[in-house]
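Read through the structure below, which is laid out as structure tokens, and then see the notes.
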Amino acid sequence: MDSEKTAPVAEQNSNLRPDGSKKVVLSGIRSTGNLHLGNYYGALQKFVKMQDDYDSRYFIADLHALTTNPDPKALHESVKQILAEYLAAGLDPDKNILYVQSDIPEISEMYLLMNMHVGIGELMRTASFKDKARKALGITSESDEIEKEIIGNQNNNARVNAGLLTYPTLMAVDILIHHADYVPVGKDQEQHLELTRRFGRRFNSFYGVDYFHEPVNFNFGGEAIKVPGLDGSGKMGKSEGNCIYLIDDEKTLRKKVMRAVTDAGPTEPNSPVSQPVENLFTLMDLVSGKDTTDHFRQAYADCSIRYGDLKKQLAEDMLKVTLPIRQRILDIRDDDEYLSKIVKQGAERTREYAAKTLKEVREIMGIRKI
Ligand code: ATP
Ligand code: MG
């Protein structure tokens, strides 16, 4: 079954395609709020590291943000904020194409076409859809009552919208319209990326063409990562309210870290580490480095650990990462002229690529002039 295929391992030792052109990198972030450390380590930091060697294109996913019905003013502000955060984190507009998803009408049209090859069953089985639908419907159990609730209960008509269900189609189109080779994303997006490969393969096989190739995640040889939240479980996420934001000021950040969930502390040497404490170690690995984490792991193992000290160190090291970025965000986020020039240029270039793909897709599907 194609769904069970394991993710192909990226052949990551060359940044060139066989024809000598640079490989295409594509990724985006939803404009659903400020960027946090999860977005930074899962995605943005990789974007920045790739910008010199690849043909890289990064967008702000405002159409994807619509799936959770944002307030219009907040959506607009968030698009600007994320662009400023991209730039502040080090994305150079001269080295990358930066654009806003909704500026590219070809994406919306291809999304409609691609949906004809996507099954609602496979969409309903997607983990992120199940999570978000469960939340919207107030289902707390893990059992699969979702279909029954959605189909059987008219009160739910607007609560789980079709855009949320077809999110993976739109994401596939974002990627396939560029014929991207690499898609640097966090671990939470790997299932969507697998669906992208599946839809591309299905399109090829239905029409008997060899048109789309298979994009893969990119992690500089390591594993895809999931940055945990400060609330003791799960992932740091804009919609979870458990984030350290790049824009947090010093006081706010320290306060959040000092309040992070822990436990009563180890009472016996070499006790297993609880999830909330493991989360803090994971965060520390990212911002402080392994030596610092080893020191605290050792203190945990011999029961001498004081969580207050761990948190102080963690906050200190997070601030070293976030404060310079925060300063640059503040410097550029109100420069409307600069920001709008960047996305205008980005849209023009993206539309050239997108129009070419859409034209070819329409032709393959039989939508031809009479
Ligand atoms: P939302 O809660 O609105 O879905 P989000 O915080 O999950 O927002 P996205 O815009 O969905 O952010 O994701 C943008 C990028 O950041 C993706 O590549 C995703 O994999 C990555 N990302 C998001 N959260 C994390 C995390 N906790 N750890 C690693 N990567 C993450
Ligand atoms: Mg997300």
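Order of listing sets the numbers, starting from 1, for every ligand and every atom in it.
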Validation: residues 332-348 side-chain donor-acceptor distances under 3.5 Å, sequence neighbours left out:
residue : atom : partner : partner atom : Å
Arg333  : NH1  : Gln81   : OE1          : 3.3
Asp335  : OD1  : Tyr338  : N            : 3.3
Asp336  : OD1  : Lys80   : NZ           : 2.9

inquiry  = Can you tell me how the ring of His179 sits relative to the ring of His213, calling it parallel under 30°, perpendicular over 60° and tilted otherwise?
reply    = tilted
task = Check side-chain contact (heavy atoms from CB on, under 4.5 Å) between Met124 and all other residues, then give those that pass, not counting sequence neighbours.
result = Phe129, Glu147, Ile150, Leu165
request  = Could I get the full list of side-chain contact (heavy atoms from CB on, under 4.5 Å) partners for Asn204, not counting sequence neighbours?
outcome  = Val209, Asp210, Tyr211, Phe212
query = If you measure only the distance, is there a donor-acceptor pair under 3.5 Å linking the side chains of Thr322 and Tyr245?
reply = no
message = Does this structure show an ion pair linking Lys256 with Asp248, if we count only N-O contacts that are shorter than 4.0 Å?
response = yes
Amino acids in close contact with ligand 1, where any non-hydrogen atom sits under 4.0 angstrom away = Ile29, Arg30, Thr32, His36, Gly38, Asn39, Gly42, Ala43, Lys132, Val185, Gly186, Asp188, Gln189, Ile225, Lys226, Val227, Lys235, Met236, Gly237, Lys238, Ser239
